[in-house]
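Below is one structure, written out as structure tokens; comments come after it.
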Amino acid sequence: MPPSGTPGGTPAGASPRTSGAPGRTPAGASPRTPPEPPYGRAGRTDAAVVRDALGVGVAVGLSGFAFGVTSVGAGISLLQTCALSLLVFTGASQFALVGALAAGGNPYTAAAGAFFLGIRNAFYGLRLSHLLALPAALRPLAAHWVIDETTAVTLAQPTRRAARIGFTVTGLSLYVLWNLTTLAGALGAQALGDTGAWGLDAASPAVFLALLAPMLQTATERVTAAFAVVLVLGLIPVLPPGVPVLAAALAAPTVLFLKERVTATKSQDTPPEHTLTHDADGAGVPLRRANGNHQKGPAR
């Protein structure tokens, strides 16, 4: 006689066995969920990350043509121009170096300005090193691709896998295209002869501003940029070429210092806050501090 419980001999408290073919999903049960595809962002596949990274690499890589033209127009040889893009590979520093040399600046001063502009990449590297967690053998190679664009794409990804894909695709596409367009621009400038006659001497500052403008997102950043421009324009007549660019770096700490002073002054001038409470009729009544205790009543 079957034991007491469910019909068919199922022991009391035990779940009845679901019918179904052996080795298959039991009848009425949900089939096993297939593994999810790797996502770089919620709802986006790796292909979407690659597409965005290629978009950044291609868009910025084309500006290497302007660098090649500007560099040769400043009197730098074809070989030196290509070596800068291959070995330096940071657009802002390259344009700063070439611009200072084109203005007749001292090579050491021009190199110093380019160096200080490139220092920010070291701070990018500190963040990306932890995020990407690349093997030790790959880190020296990856460090050469740590620039504004690769950092922006990498930090936009929430997973390590997506971050690695974004960093690699952006760095590779940008590096290859930047160097190819640098070579094309340099060869074109040699064929044109005097680039100043064509107005191409303005390519360097125009591209530099185009790269900078999207980064000025807050009021503090815009004020800092405007103050830096004022410093450069005011110091150009009195300082050697290249030095005003270095002096413009003082804009950032100056603006931050003034911002902190203004914030501190406002906090000192603000009267003590009176917390509002509500009576039964809903009217707000301020609390005033007396003898260390909060008491209800009008503030005096």
Item to check | Minimum heavy-atom distance Gln217-Arg222, with the two atoms named | outcome: O-NH1, 3.3 Å
Checklist entry - Among the clusters formed by ILVMFWY side chains lying less than 4.5 Å apart, do Val176 and Leu174 turn up in the same one? => result yes
Next on the checklist: Give me the atom names and distance for the closest heavy-atom approach of Ala247 to Leu235.
Outcome noted: CB-CD1, 3.4 Å
Item to check | Gap separating the CG atom of Leu87 from the NE2 atom of His144, nearest 0.5 angstrom | outcome: 6.5 Å
Checklist outcome for this item: So CG of Asn121 and OG1 of Thr151: to nearest 0.5 Å the spacing works out to 7.0 Å
Next on the checklist: A side-chain contact here means heavy atoms from C-beta on lying under 4.5 Å apart; do Phe67 and Thr181 qualify?
Outcome noted: no
Item to check | Cluster link Leu258 to Leu256, ILVMFWY, side chain under 4.5 Å | outcome: no
Checklist entry - Is it true that a side-chain atom of Ser267 and a backbone atom of Ala264 form a donor plus acceptor pair closer than 3.5 Å? => result yes
Item to check | Heavy-atom side-chain contact between Gln94 and Trp178 under 4.5 Å | outcome: yes
Checklist entry - About how many Å separate CG of Leu131 and CZ of Phe167, when rounded to the nearest 0.5 Å? => result 10.5 Å
Checklist entry - At what distance, to the nearest 0.5 angstrom, does CG of Leu231 lie from OG1 of Thr254? => result 7.0 Å
Next on the checklist: Starting from Leu84, can I reach Leu78 by hopping between I/L/V/M/F/W/Y residues whose side chains sit under 4.5 Å apart?
Outcome noted: no
Checklist entry - Can you check whether Leu155 reaches Leu128 side chain to side chain, under 4.5 Å on heavy atoms? => result yes
Checklist entry - What's the verdict on side-chain contact (heavy atoms from CB on, under 4.5 Å) for Val72 and Leu187, showing C-alpha distance, side-chain angles and the deciding distance? => result CA-CA 9 Å; Val72 171; Leu187 291 174; over 6 Å; no
Checklist entry - How long is the gap from CG on Asp46 to CZ on Arg161, to the nearest 0.5 Å? => result 4.5 Å
Item to check | Joint hydrophobic cluster, Phe227 plus Leu216, side-chain heavy atoms closer than 4.5 Å | outcome: no
Checklist entry - Pick one: which of Ser71, Ser85, Ser63 meets side-chain hydrogen bond (donor to acceptor under 3.5 Å, both in side chains) with Thr182? => result Ser85
Item to check | Geometric class of the Trp145/Tyr175 ring pair [parallel <30°, tilted 30-60°, perpendicular >60°] | outcome: tilted
Checklist entry - Do you reckon Phe95 sits in the same ILVMFWY cluster as Val88, going by side-chain contacts under 4.5 Å, direct or chained? => result yes
Next on the checklist: Counting C-beta onward and ignoring hydrogens, is there a side-chain heavy-atom pair between Val56 and Thr150 closer than 4.5 Å?
Outcome noted: no
Next on the checklist: So Leu101 and Leu97, do their side chains get closer than 4.5 Å, heavy atoms only?
Outcome noted: yes
Checklist entry - Which atom pair, heavy atoms only, marks the closest approach of Val69 to Gly185? => result CG2-O, 3.4 Å
Checklist entry - Would a 4.5 Å heavy-atom cut-off, applied to side chains only, mark Gln157 and Asp52 as touching? => result no
Next on the checklist: Is it the case that the side chain of Thr90 and the backbone of Gly118 share a donor-acceptor pair, with hydrogens and angles ignored and the cut-off at 3.5 Å?
Outcome noted: no
Item to check | Which atom of Ala142 lies closest to which atom of Leu134, heavy atoms considered | outcome: CB-CD1, 3.5 Å
Item to check | Rounded distance (nearest 0.5 Å) linking atom CG of Asp148 with atom OH of Tyr124 | outcome: 4.0 Å
Checklist entry - If every non-hydrogen atom of Ala53 is compared with every non-hydrogen atom of Ser173, which pair is closest and at what distance? => result O-OG, 4.1 Å
Item to check | Exercise: identify the closest heavy-atom pair between Arg164 and Ala133 | outcome: NH2-O, 2.8 Å
